[in-house]
Visitor: 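Sharing a structure with you now.
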Amino acid sequence: MNKNIQKYIAENFSTIIKILVVYALGVIIGVVLFNFQSVKNEYIDVMRNILDMTKQENFEGINIIANGLKNNIIFISLLHLSLLTFIAPMLVLLFVILKAIVTGIYIATLFSIFGFLKGIATVFLGIVLPLFLSLMGYVVICTNIIRIFSSIRNGNFELKDIVKYIYWFIISFSLISFSLVIEQLMTSVILNIYSNI
């Protein structure tokens, strides 16, 4: 497995770097967008309302795993639908940057609500830990979609490419799903931090 990962990274290094750079830029754009007053107030209000609902006695909990799976399936489906176009690599990068912008806004919102020190803890637990796994999964999925697009365009797409894709997709989706489990577990910690503010 380790050799497979090393080989995969070596074969796709430039695409992986491109996706990570686009993601990082998207996070920065999200943080910058957050600082526009109307966006900032709106996101803080929405997040505070959600967090305040968790303090109520009749609160039943947040099912991050179910919601996350649904959202990730939709997002992954959109990524795959890009293969039906002539600009699949550009669309994949556009979807990546949009997802990253949302992450950037979410990070900035958490810092605004929790303050600097508690914000660091909240961002680490609620975003960084799960994001590490889900981002690896998404990088592999996006890289494979770009690879399939190139293979189809060059006319050298073969059955073995589908088998490879399924293999890497299962690994990627497992990472994304496991990141949701971590996020679900960390939510109770974050809610506990919020209740002490």
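Values below: every heavy atom of this structure, side chains too, minus hydrogens, waters and symmetry copies. Since we're looking at a predicted model, the values are computed, not measured.
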Visitor: Mind checking whether W168 and T143 have side chains closer than 4.5 Å, heavy atoms only?
Guide: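 They are not in contact (no side-chain heavy atoms under 4.5 Å apart), so the answer is no.
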Visitor: Are F124 and V31 linked, directly or through other ILVMFWY residues, by side chains that come within less than 4.5 angstrom of each other?
Guide: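 No.
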Visitor: Return the set of residues passing salt bridge (Lys or Arg N to Asp or Glu O under 4.0 Å) with E42 (not counting sequence neighbours), or none when no residue passes.
Guide: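 Checked E42 against salt bridge (Lys or Arg N to Asp or Glu O under 4.0 Å); zero matches.
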Visitor: Using a 4.5 Å cut-off on heavy atoms from C-beta on, say whether the side chain of V181 contacts that of I65.
Guide: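 Side-chain contact under 4.5 Å: yes.
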Visitor: Quick one: are N41 and F36 in side-chain contact, heavy atoms under 4.5 Å?
Guide: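 No, every pair of side-chain atoms sits at 4.5 Å or beyond.
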Visitor: Verify the distance criterion only: is there a donor paired with an acceptor across the side chains of N144 and Y167 at less than 3.5 Å?
Guide: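 N144 vs Y167: no donor-acceptor pair found between side chains.
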Visitor: When hydrophobic residues are tied together by side-chain contacts of less than 4.5 Å, even through go-betweens, does L175 share a cluster with L20?
Guide: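 L175 clusters together with L20.
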Visitor: Which pairs of donor and acceptor atoms, one on a side chain in residues 81-89, lie under 3.5 Å apart (sequence neighbours left out)?
Guide:
| unit_1 | atom_1 | unit_2 | atom_2 | d |
| --- | --- | --- | --- | --- |
| S82 | OG | L79 | O | 2.4 |
| T85 | OG1 | S82 | O | 2.7 |
| T85 | OG1 | I87 | N | 3.3 |
| T85 | OG1 | A88 | N | 3.3 |

Visitor: Could you name each residue pair satisfying salt bridge (Lys or Arg N to Asp or Glu O under 4.0 Å) that touches residues 135-154, not counting sequence neighbours?
Guide: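 Salt bridge (Lys or Arg N to Asp or Glu O under 4.0 Å) check on residues 135-154 returns E11-R147.
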Visitor: Taking only residues two or more places apart in sequence or in another chain, which ones pass side-chain contact (heavy atoms from CB on, under 4.5 Å) with V46?
Guide: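 Only I50 meet the side-chain contact (heavy atoms from CB on, under 4.5 Å) criterion with V46.
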Visitor: For the residue pair F173 and I73, establish whether any side-chain heavy-atom pair is separated by less than 4.5 Å.
Guide: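 A side-chain contact under 4.5 Å exists here.
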Visitor: Enter the distance from I171:CD1 to I166:CD1 here, rounded to the nearest 0.5 Å.
Guide: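 Those atoms lie 12.5 Å apart.
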Visitor: Kindly say whether Y8 contributes a backbone atom to a donor-acceptor pair with the side chain of N12 at under 3.5 angstrom?
Guide: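 Confirmed, N12 side chain pairs with Y8 backbone.
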Visitor: Could you pull out the closest heavy-atom pair between I146 and V92, with the gap in Å?
Guide: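 Heavy atoms only, the tightest pair is CD1-CG1, 4.2 Å.
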Visitor: Taking atom CG of N4 and atom CD1 of I9, what is their separation to the nearest 0.5 Å?
Guide: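 Taking CG in N4 and CD1 in I9, the distance rounds to 11.0 Å.
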Visitor: Looking only at the aromatic ring of each residue, does the gap between the centers of H80 and Y165 stay below 6.0 angstrom?
Guide: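 Centroid distance Y165-H80: below 6.0 Å, so yes.
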Visitor: Are V140 and I5 linked, directly or through other ILVMFWY residues, by side chains that come within less than 4.5 angstrom of each other?
Guide: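 Hydrophobic grouping puts V140 with I5.
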Visitor: Taking C-beta and beyond as the side chain, do S177 and L69 meet within less than 4.5 Å on heavy atoms?
Guide: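 S177 reaches L69 side chain to side chain.
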Visitor: Hey, could you give me the SG/CD1 distance between C142 and I76, rounded to the nearest 0.5 Å?
Guide: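 Nearest 0.5 Å value for the SG-CD1 distance: 9.0 Å.
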Visitor: Is it true that L33 and I28 fall in one hydrophobic cluster, defined by side-chain heavy atoms closer than 4.5 Å?
Guide: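 Per the 4.5 Å side-chain linkage, L33 and I28 are not co-clustered.
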Visitor: Within the 4.5 Å heavy-atom criterion, are F157 and I162 side-chain neighbours or not?
Guide: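 Yes, close enough: below the 4.5 Å cut-off.
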Visitor: Please list every donor-acceptor pair under 3.5 Å in which a side-chain atom of residues 94-112 meets a protein atom from a residue at least two apart or in another chain.
Guide:
| unit_1 | atom_1 | unit_2 | atom_2 | d |
| --- | --- | --- | --- | --- |
| T103 | OG1 | Y23 | OH | 3.0 |
| T103 | OG1 | K99 | O | 3.2 |
| T109 | OG1 | I105 | O | 2.7 |
| S112 | OG | A108 | O | 3.1 |

Visitor: A side-chain contact here means heavy atoms from C-beta on lying under 4.5 Å apart; do Y194 and T122 qualify?
Guide: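 Y194 does not reach T122 side chain to side chain.
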Visitor: So, the side chain of N156 versus the backbone of I152: is there a donor-acceptor pair under 3.5 Å, distance only?
Guide: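 Side chain of N156 to backbone of I152: no pair is present.
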Visitor: K118: which residues meet the side-chain contact (heavy atoms from CB on, under 4.5 Å) condition with it, sequence neighbours left out?
Guide: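 F114, I193, I197.
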Visitor: So does G68 get a backbone contact from the side chain of N71, meaning a donor-acceptor N/O pair under 3.5 Å?
Guide: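 Such a contact is absent between N71 side chain and G68 backbone.
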Visitor: Is it possible for you to say whether M47 and F116 belong to one hydrophobic cluster, with membership spreading through side-chain heavy-atom contacts below 4.5 Å?
Guide: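 Same cluster.
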Visitor: In Å, rounded to the nearest 0.5 Å, how long is the span from CG of L125 to OG of S188?
Guide: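 Separation between the atoms: 9.5 Å.
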Visitor: Nearest 0.5 angstrom please: N67 CG to E183 CD, how far?
Guide: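 Answer rounded to 0.5 Å: 10.0 Å.
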Visitor: Any side-chain heavy atom of L131 within less than 4.5 Å of one from S134?
Guide: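 Side-chain contact under 4.5 Å: yes.
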Visitor: Quick one: pull up CD1 in I145 and OG1 in T15 and give me the separation to the nearest 0.5 Å.
Guide: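 Interatomic distance, I145 CD1 to T15 OG1, rounded to 0.5 Å: 12.5 Å.
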